[in-house]
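Here is the structure we will look at, set down as structure tokens.
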There are 2 protein chains.
Amino acid sequence: MKIEAVANQYHLSAPTLRYYERQGLLGPVQRVNGVRDYGAADLDRLDFIICVKQCGMTIRQIKQFIAMYQQGDATINERLTILQKQLQDSRIQQAQLAQSIDHLQEKIADVKALQTRVAERV
Amino acid sequence: MKIEAVANQYHLSAPTLRYYERQGLLGPVQRVNGVRDYGAADLDRLDFIICVKQCGMTIRQIKQFIAMYQQGDATINERLTILQKQLQDSRIQQAQLAQSIDHLQEKIADVKALQTRVAERV
DNA sequence: ATACACGTTGAAGTATACTTCAAGTCAAGG
DNA sequence: CCTTGACTTGAAGTATACTTCAACGTGTAT
């Protein structure tokens, strides 16, 4: 699979994929005549990257995690700890977002009430 | 209320509060001998800023919203539209986060299973 | 064979959101 | 009086995550 196809499928840009690779998150991806050809393993990895990124991990943290992954089974406990910590943080983030959404909804209700009064006055 | 007290209460730094004010999000806050003294209205506004920021609005967008708010009732429909759009976006964001958290949980389960097998082998 | 689409690289540029710094003011306590 | 600590300002610096650029290579269609 070539870079633009991957970019489209995963809703990111080709430069971003190259950037991820340069940062050591992805690949090195196999080249055919110098052109990247993403395999199943690359796509699985990309899937993981998008997942933990959405969960709040930075590029640097993902990079470190990938590096540990590449060290093999010796790092498995540490990796598990990192992921569990990240899960915990993500849940906090999730709770805060839920709270802010509730808050926003209330503010919208307030503005709506105000809007009605303004409309009546006109 | 002085800047450090506000910063502590809202879990952000004094420079951030000054930055927000410089960006036109907050204030202008009243000064007593040149020192900021945050009033109830300022704190309400800060509360709003933190809410919509958590919901995904950028500083620039909040700034524009505040500017519209300061234009008065004439902008009320537009403001309501912006907030409703933001609520919609936040819910999408919330759904994506929930999905990524599920995804992460699965990955953790996988690593755990692998960890068990590695431990047995040792 | 030549144009066009799509790929490559390294380097520099951009956007966002702060943070840090230097230099100074001011009120309270020893 | 003078030091200490918290505040002020404008300007410059930092971190993160990309994006854009320039110059060039390659495979397919006309």
Side-chain angles (χ1 to χ4, degrees), chain A residues 1-39 42-43 45-46 48-67 86 89-90 93 96-97 100, chain B residues 1-39 42-43 45-46 48-67 86 89-90 93 96-97 100:
Chain A
M1 209 175 183
K2 285 199 262 182
I3 201 163
E4 270 303 337
V6 176
N8 285 332
Q9 188 171 320
Y10 289 85
H11 307 297
L12 30 79
S13 71
T16 298
L17 285 170
R18 294 194 193 100
Y19 168 72
Y20 284 175
E21 189 172 345
R22 210 166 47 242
Q23 297 303 312
L25 271 54
L26 217 45
V29 178
Q30 202 196 336
R31 314 291 159 113
V32 177
N33 288 318
V35 175
R36 286 172 182 82
D37 182 31
Y38 292 81
D42 297 316
L43 299 183
R45 172 92 124 259
L46 185 53
F48 173 78
I49 292 167
I50 291 168
C51 170
V52 294
K53 197 163 184 307
Q54 168 73 51
C55 284
M57 262 188 149
T58 65
I59 299 290
R60 179 171 299 207
Q61 288 172 327
I62 299 170
K63 175 184 183 164
Q64 283 167 359
F65 186 92
I66 300 279
Q86 190 56 55
D89 290 356
S90 306
Q93 162 69 17
Q96 282 173 349
L97 179 57
S100 293
Chain B
M1 207 175 186
K2 286 201 262 183
I3 199 161
E4 270 304 335
V6 176
N8 285 331
Q9 188 170 321
Y10 289 85
H11 307 296
L12 28 80
S13 71
T16 298
L17 285 170
R18 295 194 193 99
Y19 168 71
Y20 284 175
E21 189 173 344
R22 210 165 51 242
Q23 296 303 313
L25 270 54
L26 216 46
V29 179
Q30 203 197 332
R31 314 293 158 110
V32 177
N33 289 318
V35 175
R36 286 174 183 81
D37 181 31
Y38 293 81
D42 296 317
L43 300 182
R45 172 94 122 256
L46 184 53
F48 173 77
I49 290 166
I50 291 167
C51 169
V52 295
K53 196 162 184 311
Q54 168 73 51
C55 283
M57 261 187 150
T58 64
I59 299 289
R60 179 171 299 207
Q61 288 171 327
I62 299 170
K63 175 185 183 163
Q64 284 167 359
F65 185 91
I66 300 281
Q86 191 55 56
D89 289 356
S90 305
Q93 163 67 17
Q96 282 174 349
L97 179 58
S100 292

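Naming: A, B, ... by sequence-line order, numbering from 1 per chain.
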Quiz item: Can you tell me if the side-chain N/O atoms of B/Asn33 get under 4.0 Å from OP1 or OP2 in D/dC7?
Solution: no
Quiz prompt | B/Gln23: side chain to side chain contact (heavy atoms under 4.5 Å, CB included) partners, not counting sequence neighbours | solution = B/Tyr19, B/Leu25, B/Ile59, B/Lys63
Quiz item: Do any of residues 4-11 of chain B sit with a heavy atom less than 4.0 Å from DNA chain C, and if so which?
Solution: none
Quiz prompt | Base versus backbone protein contacts along nucleotides 9-22 of chain C [heavy-atom cut-off under 4.0 Å; B, S, -] | solution = B------SBBBB--
Quiz item: Can you name the residues that form a side-chain hydrogen bond (donor to acceptor under 3.5 Å, both in side chains) with B/Asn8, not counting sequence neighbours?
Solution: none
Practice problem: Apply side-chain hydrogen bond (donor to acceptor under 3.5 Å, both in side chains) to B/Arg31 and list each qualifying residue two or more places apart in sequence or on a separate chain. | Solution: B/Glu21
Quiz item: Nearest heavy-atom pair of B/Ser13 and B/Thr16: which atoms, and what distance?
Solution: OG-OG1, 2.8 Å
Self-check item: Closest contact, heavy atoms only, B/Asp42 versus B/Leu26
Solution: O-CD1, 3.8 Å
Self-check item: Distance (rounded to the nearest 0.5 Å) between B/Leu12 CG and B/Tyr20 OH
Solution: 6.0 Å
Practice problem: Look only at the side chain of A/Gln86 and the backbone of A/Cys55, and say whether a donor-acceptor pair between them is shorter than 3.5 Å. | Solution: yes
Practice problem: Sequence neighbours left out, what passes ring pair (Phe, Tyr, Trp, His ring centres under 6.0 Å) with A/Phe65? Give chain and number order. | Solution: A/Phe48
